[in-house]
Amino acid sequence: MGGLLRKIRGTGRVAEAAPPRPEADPLPAARELGGSVQVRCVDAGSCNGCEIEIGNAFGPVYDAERYGVRLVASPRHADVALVTGPVTRNMAEPLRRTVAAMPQPAIVVAVGDCALDCGEFAGGYGVEGSVVDMVSVDVSVPGCPPEPAAIVTALRTLTGR
Amino acid sequence: MNPAASALLLTAPPAVPLAAAALHAVAWRRAARGARVPGPAQWAGLLGPAAIVGCAAALASYVPGHGPVTAYGRLLRADGLSVWMLLVTGAVALLALAASPGYLAGERAAGHTDAAGTHRYYTLVHAFLAAMCVALLAANLGVVWVAIEATTIVTAFLVGHRTTRASVEAAWKYVVICSAGIALAFLGTVLIYYAARQAGISEASALDWPTLAAHAGRLDPAVTRLGTALVVLGFGAKAGLVPLHAWLPDAHSQAPAPVSALMSGVLLAVSFTALLRYKAVADTALGAGYTRGLLATVALVTLALSAVLLLAQRDYKRMLAYSSMEHMSVIALGAAIGGPVAMPAALLHVAGHGLAKTVAFCSAGHILRLRETTRVGRVRGLLAQSPALGAVFGLAVVALLGLPPFSLFASEVGIVRGGFTGGLGWAVSLALALVLFAFAALGYRTGRMVLGPPVAAAGPPQALGVTSAVPLVAGLLACAALGTALGPLSHLLTAAATTVGGR
Amino acid sequence: MSHGVYAQLLDLACGVFLLCAVVVLWRRELAVVVRVLAVQGAALAAIAAVLGGHERRWGLLVVAAGVGVLRAGVLPYLLRRALDVGAVGGGPYREDVSEGRETRPVVNVAASLVVAALLVLLAYAVARPLVALDPTPATRALPVGLSVVLIGFFALVARRRALAQVVGFLVLDNGITATAFLAASGVPPIVELGVSFDVLLAVLVLYVLTARMRAAFGGTDLDDLRELSDR
Amino acid sequence: MNAVGPALAAVGGLAVAGALAGGLAPARVRPLAAGLCTAGLGAAGVVAGAAALGGARYGVWLPGLLPLAGVRLAVDPLSGLFMAVTGAVTVAVAVYGVGYASPGGGMHGGRGPGDEDAAGSAGGRHAGSDAHEPRDALAAGGGDHGVRSRGAQAVGPVFAGAMVLVPAAGSVSTFLLLWELMALASLLLVLAEHRERPTVRSAGLWYAVMTHLGLVLLLVGLALFAARAGGESFAALRAGAGGMPAGVRGTVFVMTALAFTSKAGLAPLHAWLPRAHPEAPSHVSALMSAAMVNLGVYGLLRVGFDLLGGGPAWWWLLLMGAGALSAVYGILQAAMASDLKRLLAYSTSENLGLVVLGTGAAGLFRAAGDRPLAALALAAALLHVVNHAAFKALLFCAAGSVLRATGLRDLDRLGGLRARMPVTAGLFALGALGAVALPPGNGFVSEWLLLQALVHGLAVPGAAAAVVLPVAVAVIALSAGLAAAVFVKALGVGFFARPRSAGAGRAVESPPAMLAGMALLAACCAALALVPGALGPALTRAVRAAGVGTEKPLADGELGVHLAHTSAALHPLWVALALVAGTAAVAGLARLPARRRARRRDARLWDCGGGAPTARMAYTATSFAEPLQRVFDDVLAPEQDVDVTPVRESAYLVERVRFQRLVPDRIEHRLYRPLLAAVSGLADRARGLGGGSVHLYLGYGLFGLVAVLAALVVGW
Amino acid sequence: MSATGYVAVAAQVAVVAGGAPLLTGWMRQVRARLEGRAGAGVVQPWRDARKLLRKEPVSPTGTGPAFRLAPLLLVAGTAVVAALVPLAATRTPVSGSADLILVVALLALGTVALALAGLDTGTAFGGMGASREMTIAALVEPTILLAVFAVSIPAGSTNLPAIVAGTIDHPARTASPAELLAVAALVVAVLAETGRIPVDNPATHLELTMVHEAMVLEYAGPDLALVELGSQMRLAVLLGLVATLAAPWGVATGGSPALLALALALLVAKVAVLGTALAAAEVFRAKVRLFKVPELLAGSFVLALLAVVGSYFLTGEAGR
């Protein structure tokens with residue numbers, strides 16, 4: 001117990017200074033969210049590279065939470081579906097059902113090249129298509145895998161903070 | 001009451017059945033093979049019991065108010081106890097003989113008997129009734145003994161009615177065990193006679209019960225104690241009490257249903273009445289302690305034995321026989337306690353048990369005719385297949401279990417209350433525990449037989465004929481009526497109880 | 001009849017009476033046992049006659065005669081007829097000889113004699129208060145009556161043959177009647193008449209039942225009678 | 001001229017009239033005729049009870065009836081309370097019974113061929129008998145047997161009449177007569193559906209033998225009491241009780257307490273309750289659970305407090321022990337039960353356990369001399385009797401209409417009844433609210449009062465109180481918590497979500513008569529929940545008649561429940577209003593910020609994206625109770641066996657797995673099984689006594705003769 | 001009853017309703033700071049609530065009135081509790097029936113309503129959450145009531161204002177062993193009741209470990225907002241109750257509005273301190289396996305039992 005306290009006092013604040021707010025005008029749906037975004041990550045068949053980056057985005061260093069973004073367990077609770085990876089044949093129907101389960105206004109963010117244009121896995125026998133083909137994507141974060149900062153910036157455009 | 005009327009009232013009960021017996025005996029002799037049994041002759045059989053009930057009712061209205069009635073120079077005497085028992089005998093006989101034609105018709109249809117057999121049956125049953133009436137009305141203890149021995153002899157061939165191996169076995173055991181038991185009773189009577197003669201009572205009235213009861217104080221205690229012990233063993237044998245009880249299940253499972261009804265309902269009680277007579281004498285001679293201890297021990301041992309044997313029983317007629325043993329032990333316990341509550345309760349229990357057991361045995365007869373087996377295991381779904389018979393048999397067993405509307409409940413409560421007031425609390429509690437075993441066993445088997453879905457093998461639903469249903473329902477209603485209100489009979493009951501020590 | 005002669009005669013009769021009971025237990029052949037039963041009946045009649053003579057009660061003598069005729073004459077005759085019917089068996093040859101003999105009694109003969117002795121002792125102990133009440137030569141012989149009752153009952157229990165059991169029953173009954181005579185010189189006549197009539201009827205019933213048993217079971221061995229049981 | 005006399009006469013008369021009507025009327029009109037007589041009978045009972053509660057005393061002696069003893073009636077406010085409760089329940093259940101027994105009505109369920117699921121049908125099935133689906137007599141839709149038979153309809157009014165009259169009995173014999181009449185009538189009613197299921201007969205036998213055991217104990221206890229007190233009427237008992245030695249008073253109390261706690265379904269002698277109630281027709285089990293068990297409590301009060309006039313502390317500690325044991329054990333078994341009526345039966349055992357706990361506490365306080373607190377504890381116990389009668393009758397009637405509509409009792413196969421039987425589901429929910437003892441419900445009021453009595457009991461001197469009372473509070477709290485879990489399971493698993501069997505799928509709402517009966521009971525529950533104060537004066541008089549205390553336990557003239565001596569008070573009406581107003585306000589406020597009136601969208605259930613969730617994926621009663629069972633594993637000791645059938649070719653490929661779990665009744669196993677085994681062993685060995693050989697029988701005779709002669713010689 | 005009484009009640013409800021999200025925001029902020037993160041700010045829960053209230057209401061197929069009514073009943077029940085409990089003032093119009101047993105029962109009513117809603121959906125998660133929630137609620141009940149029993153002994157009644165006023169008059173009572181044991185037992189019970197770390201992890205995503213969240217997986221939009229507001233208010237009220245029982249100073253016993261304002265301020269401060277302690281404690285503890293929770297609750301039950309028996313033997317002045 002004591003050791004942990006000393007460690008906490010020692011490390012102090014880990015989160016880096018918040019970069020300036022992105023100027024891009026927020027989406028009409030995002031404006032309704034009013035600075036509170038609840039995110040449900042959906043892995044539509046990614047190689048988990050993007051998942052690691054999303055993890056880092058919510059880690060102490062990038063700390064996406066400080067901008068009002070929170071990960072939640074069920075699409076019912078979520079406003080944003082953070083979709084990664086090319087959509088495999090098995091994940092096509094579940095992805096559609098997850099997006100349908102989210103109450104309006106709902107936003108889909110496609111993370112990583114695979115989500116945009118199937119990236120490395122284009123033409124794979126198991127791949128149904130990219131996320132863009134499957135569901136209407138509002139925001140996309142290119143990169144393989146995209147920087148955590150890029151993901152955080154994308155999310156900040158939704159919260160507006 | 002003028003002597004002529006009293007003589008008539010006292011001789012009619014034995015005489016009318018005897019006459020009927022004679023009539024049937026003549027018809028038995030002349031009956032050809034296969035001759036049809038005239039219908040009215042069968043229903044004439046009801047005259048005997050009707051006469052008994054009529055005379056008993058007349059006496060019942062007279063005796064409690066004015067004391068005992070005697071006739072033929074004090075040979076026949078009717079006091080409270082004998083009138084009460086006469087009433088019970090008449091009622092049970094009425095039910096049994098009303099059920100007999102139906103039963104015998106079934107037997108004839110099944111080929112077990114023929115016209116001659118029917119006439120022989122009626123002859124012996126009427127003789128049986130006459131003997132019992134004599135046993136009740138006789139004042140001389142010797143004559144009482146002779147009458148009871150006569151009942152054994154007369155019913156021997158009734159038990160052996162069907163000429164099968166089992167009925168011969170039952171008849172032999174019945175005659176040998178009962179005669180041995182009754183012989184002991186006669187030895188006891190002789191010893192009481194010896195003590196009476198030594199106490200200076202004249203030879204003519206030494207065995208006359210009223211004089212004996214009056215002078216009992218002067219009897220020699222040691223001889224009286226030996227005589228009473230032998231009488232309890234002897235008449236106990238005929239009343240189904242330990243140690244010479246073993247004839248009862250065999251005789252009842254083989255005898256025709258109305259006969260076993262008569263035997264269980266009344267014969268056991270008549271021999272117990274004889275025993276009560278001796279108890280009255282012994283109580284004044286030796287003080288109540290001796291007979292109370294002896295009777296209570298015999299009663300509890302019988303109750304234990306019958307309860308345990310009921311638990312593992314597989315034959316429903318033997319089950320009813322053991323239930324008779326159980327109820328006779330409860331009656332014996334009630335008599336042992338004595339006192340103003342337990343003695344009338346015991347006598348009421350005799351009446352209630354007589355009626356309920358008659359209905360149970362007669363319906364068991366019908367069940368045997370319907371399903372041709374006496375095994376409890378092979379009779380299923382009775383209520384589903386013939387509702388009336390199932391209901392009557394079920395209600396009869398409910399009465400025997402001592403459940404309320406029927407009189408056995410009131411009498412059992414009376415005996416328990418009397419027991420605690422009379423200081424025999426421990427015996428009564430032990431008895432109740434044993435009765436609980438019997439309750440469980442009887443309830444389990446009756447439930448198996450009566451309840452459950454209709455069994456295909458048992459054939460189409462069969463209604464119980466009106467003629468055979470009427471006596472059974474009448475029996476149940478009488479038992480229930482006795483249970484709710486005694487009405488005019490309550491004076492007779494108290495009078496009967498006081499004659500044998502229910503002070 | 002002087003007092004001494006009366007006492008000796010009475011003791012002689014009682015002695016013969018008790019001896020017959022023991023012999024019934026001792027011998028196995030039914031024919032012999034029936035004859036001993038007749039002798040016992042005669043002894044019983046003798047006891048009654050001696051008592052009647054001593055107390056000058058002619059009624060008692062008549063009763064003694066009746067008892068003699070019944071217990072020494074009629075009943076043994078009935079038993080012999082039942083035996084012969086069994087023996088003849090209606091065929092050219094006699095039925096197997098075991099019918100006439102008590103081949104395997106429930107209790108072997110030696111043991112039953114010991115038991116008989118014990119029962120006699122018990123009878124004497126039980127009869128002590130009876131004798132003490134009125135010590136006359138007659139009442140002093142009461143234990144004999146009681147012991148014959150107990151021996152009769154034991155014979156009833158220990159015999160396998162139907163007729164042997166009937167003999168046991170009759171010995172038991174003789175004992176009781178003897179007790180009655182010795183104790184109070186006989187019960188009132190109508191009771192005595194009724195009792196005798198009942199005993200006669202009982203034997204008649206048993207006679208008919210033996211015939212039926214022979215027809216149903218093919219023999220009179222009581223061990224066959226085990227079908228009615230709770231097992 | 002007080003109304004008790006004529007009302008009692010009306011009860012008796014209508015009982016006989018109902019019996020005749022039920023027995024003789026043609027099949028079509030029989031349920032109606034018998035039902036009306038029973039309802040009239042109940043109403044007369046309520047009138048008599050109310051009059052007695054109003055302070056009217058009544059006594060009558062009828063020497064003509066009941067040979068050797070005569071019938072004596074004596075009514076005082078304590079018996080008035082129980083007569084009123086029994087009467088009210090009888091009226092409602094009679095109305096319900098008319099609908100329940102009338103032919104036709106809802107679609108008849110019964111076991112659909114297709115839905116025999118392979119998963120273990122586990123839960124509280126008692127050992128031995130396989131639980132093939134109980135075909136409801138009416139579901140078979142036919143004939144003149146079961147509930148509509150002549151016998152059942154004739155015995156119904158007799159049962160109700162006997163129950164209403166038991167509290168009016170004034171002497172030992174009358175009490176025993178009515179007690180046993182009630183037992184016999186209820187036995188015949190339990191056996192009404194003997195054709196449908198084999199388990200009915202074994203339940204009937206258990207019930208008959210245990211009730212008779214109760215009668216034997218009662219008979220011995222009261223006969224000893226009457227003998228020592230020198231009189232048979234209650235007045236004589238009351239007078240003679242003082243002079244009796246402590247040992248006799250103790251024996252009388254223990255004997256009668258065993259009998260009465262057995263009738264109230266408390267732990268050691270409760271084995272009949274979870275068997276008889278599920279097998280009885282539902283309106284009969286409603287009457288048994290809501291009225292008959294109360295008479296066990298009435299007996300305890302009448303003998304313990306009134307006739308014996310209280311006793312030493314160990315009496316009441318015994319009662320509190322039994323009450324606590326059956327409260328916790330009953331509710332635990334209820335939590336494990338998946339048969340709805342068995343669940344309700346065990347819940348009855350729990351609630352009556354709490355009532356007896358309160359009664360024991362009252363006795364303890366009285367023995368310690370603290371009369372006002374004893375009065376309060378007893379008032380709490382009596383109020384809980386009334387509350388329990390109301391909500392348990394409602395629950396059993398609702399369970400009956402579910403059984404009638406679906407032919408099923410097993411919660412694992414029900415489900416989806418809210419959509420198909422909305423009114424029954426709503427009424428069951430109201431009853432469940434009462435049973436879970438939470439604020440707007442009526443159960444909470446009496447349990448709150450009971451807790452107040454125990455909490456204030458610590459002032460009573462004596463170390464026993466200091467240890468026993470906290471444990472009692474813990475027991476009440478644990479049983480209340482578990483009761484909440486039980487009724488969430490019953491309501492949630494039984495009525496919500498989708499049907500898990502064809503029978504449940506075909507359910508249709510019950511006929512109007514049944515709904516009317518249930519509505520009547522619901523109204524009683526609501527009234528008791530919102531204005532319990534109205535019963536204050538009646539409770540005070542009943543408590544004073546029981547001879548516990550003269551002070552007023554509850555302040556008069558209050559709608560809520562005010563304790564006379566302390567500042568504790570409860571206003572259920574205000575709490576309910578606050579909750580309703582709060583809910584409305586929150587609903588209004590929540591809609592405020594949503595600017596556009598968004599229409600409520602119907603969406604598919606969230607299934608993690610996989611296939612649509614089927615009915616069998618929902619939680620059943622067994623799975624709902626699994627955590628609880630694992631927590632109380634050592635208390636319940638469930639028997640569980642899994643048999644795996646491998647494919648013939650290879651042992652590693654599994655063809656079929658059969659899982660079966662059974663939560664046995666441990667008290668029954670530990671107490672009854674060895675007893676039954678011993679008795680049947682004894683019976684088999686004793687069979688030899690009736691051996692069959694003539695020599696053996698004559699041997700008995702000779703042995704008896706020689707033994708008696710030897711005894712005489714020795715001079716015994 | 002003076003006007004301040006009504007004002008006090010209204011103020012209490014307002015403070016609890018408004019302050020609860022702030023309390024949760026504050027606790028998340030403390031936790032973020034301890035974990036080196038920047039944290040979303042104290043006001044974030046308000047923003048979440050506002051956003052959720054504006055979203056589109058969704059009712060899953062096959063759900064009935066239980067599903068719709070549960071959130072409303074949860075919030076309303078907690079609001080009534082907030083009104084009853086003397087967080088700020090002891091003499092209010094409702095203080096007559098402010099009974100501790102009633103308060104515990106009202107909170108249990110909210111749990112039962114939510115469990116029924118979980119079962120109403122008919123999904124596996126709903127049933128699982130309901131089953132576990134009811135199991136834990138059943139085991140918490142004895143602990144809470146025994147703690148109530150222990151706390152009520154010195155005051156001689158379970159009426160909350162009487163207890164608080166009594167403790168204010170006799171400050172020594174708070175230090176008595178019985179009171180300490182009772183408050184310790186109450187704290188463990190509060191953790192179990194509100195589903196905080198050792199018993200259940202509010203921020204978990206693993207459905208199989210959830211207890212409270214599994215029941216509300218199907219809620220969306222306004223219903224979800226109410227459910228979250230309800231559980232936040234429940235946490236705030238319970239911490240307020242613990243604070244009032246453990247350190248009742250500052251609760252306005254008199255009638256003046258100034259004292260009321262001071263009391264409210266002190267209430268917020270005390271609850272904030274307790275919130276900080278709870279958040280900090282959560283950093284050091286991990287969620288306990290479901291079937292270890294009964295052992296935890298058994299421990300707290302023993303504490304409560306000792307409190308009751310102890311208070312009887314030690315002080316012995318169990319007043320009426």
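Residue numbers begin at 1 in each chain, while the letters A, B, ... track the order of the sequences.
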Please identify, among Ala485(D), Ala584(D), Ala335(D), Ala425(D), the residue contributing the most non-hydrogen atom pairs under 4.5 Å to chain E.
Ala485(D)
Below 4.5 Å from any heavy atom of chain D, which atoms of Asp120(E) appear? Answer side chain, backbone, both or neither.
both
Ser131(E) and Phe624(D): which non-hydrogen atoms are nearest, and at how many Å?
OG-O, 2.9 Å
Taking side chain as everything from C-beta outward and backbone as N, CA, C, O, which of these in Leu226(E) sits under 4.5 Å from a heavy atom of chain D? Side chain, backbone, both or neither.
side chain
Looking only at heavy atoms and a cut-off of under 4.5 Å, which of Thr123(E), Leu106(E), Leu73(E) has the most pairs with chain D?
Leu106(E)
When the 4.5 angstrom heavy-atom criterion is applied to Pro440(D) and chain E, the contacting part is side chain
Minimum heavy-atom distance between Leu605(D) and Thr121(E), given as atom pair plus value
CD1-O, 3.6 Å
Under 3.5 Å donor-acceptor, His456(D) side chain and Gly156(E) backbone:
yes
Any side-chain donor-acceptor pair under 3.5 Å between Asp602(D) and Ser59(E)?
yes
What are the two closest heavy atoms between Cys608(D) and Phe125(E), and how far apart are they?
SG-CE1, 3.6 Å
Chain D contact via Ala66(E) - side chain, backbone, both or neither, heavy atoms under 4.5 Å:
side chain
All heavy atoms of Ala76(E) vs all of Leu579(D), minimum pair found to be CB-O, 4.0 Å
One option among Val455(D), Leu451(D), Ile476(D), Leu478(D) has the most heavy-atom pairs under 4.5 Å with chain E, and it is Val455(D)
Engaged part of Ala484(D) at the chain E interface, taking heavy atoms whose separation is under 4.5 Å:
both
Against chain D, label Ala124(E) side chain, backbone, both or neither, depending on which of its atoms sit under 4.5 Å from a heavy atom there.
both
Evaluate the side-chain contact (heavy atoms from CB on, under 4.5 Å) criterion for residues Leu116(E) and Leu491(D): first the C-alpha distance (whole Å), next the side-chain angles of each, then the deciding distance (0.1 Å), finally the verdict.
CA-CA 8 Å; Leu116(E) 281 176; Leu491(D) 183 61; 3.9 Å; yes
All heavy atoms of Leu119(E) vs all of Phe496(D), minimum pair found to be O-CB, 4.2 Å
Leu305(E) versus chain D, the contacting section by heavy-atom distance below 4.5 Å
side chain
Side chain, backbone, both or neither: which part of Ser623(D) has a heavy atom under 4.5 Å from chain E?
backbone
What is the minimum heavy-atom distance between Ala105(E) and Phe444(D), and which atoms define it?
CB-CE1, 3.4 Å
So, the part of Arg418(D) with a heavy atom under 4.5 Å from chain E: the answer is side chain
Taken to the nearest 0.5 Å, the spacing of Thr61(E) OG1 from Arg604(D) CZ works out to 8.0 Å
Other residues, nucleotides, ligands: >12 heavy atoms within 6.0 Å of Arg498(D) CZ:
yes
If you count heavy-atom pairs within less than 4.5 Å of chain E, which of Asp607(D), Thr583(D), Val475(D), Val493(D) leads?
Thr583(D)
Which is it for Asp99(E) and Gln452(D) under the side-chain contact (heavy atoms from CB on, under 4.5 Å) test, yes or no, and what are the steps along the way?
CA-CA 10 Å; Asp99(E) 189 83; Gln452(D) 289 300 331; 3.3 Å; yes
Between chain D and each of Ile101(E), Leu84(E), Leu145(E), count heavy-atom pairs under 4.5 Å; write down the option with the most.
Ile101(E)
If you apply the rule side-chain contact (heavy atoms from CB on, under 4.5 Å), what do you find for Arg600(D) with Arg68(E), and how did you get there?
CA-CA 11 Å; Arg600(D) 184 167 277 277; Arg68(E) 299 272 295 280; 3.6 Å; yes
Between Glu218(E) and Trp606(D), is there a donor-acceptor pair closer than 3.5 Å when you use the side chain of the first and the backbone of the second?
yes
Whatever's closer than 4.5 Å to a heavy atom in chain D on Phe301(E) counts as side chain
Under 4.5 Å from a heavy atom of chain D, the part of Val58(E) involved:
both
Go through the atoms of Ser152(E) and report whether side chain, backbone, both or neither lie under 4.5 Å from a heavy atom of chain D.
side chain
I'd like to know which of Gly62(E), Pro142(E), Ala17(E), Gly77(E) tops the heavy-atom pair count under 4.5 Å against chain D.
Pro142(E)
What option among Gly582(D), Gly492(D), Ala483(D) has the most heavy-atom pairs under 4.5 Å with chain E?
Gly492(D)
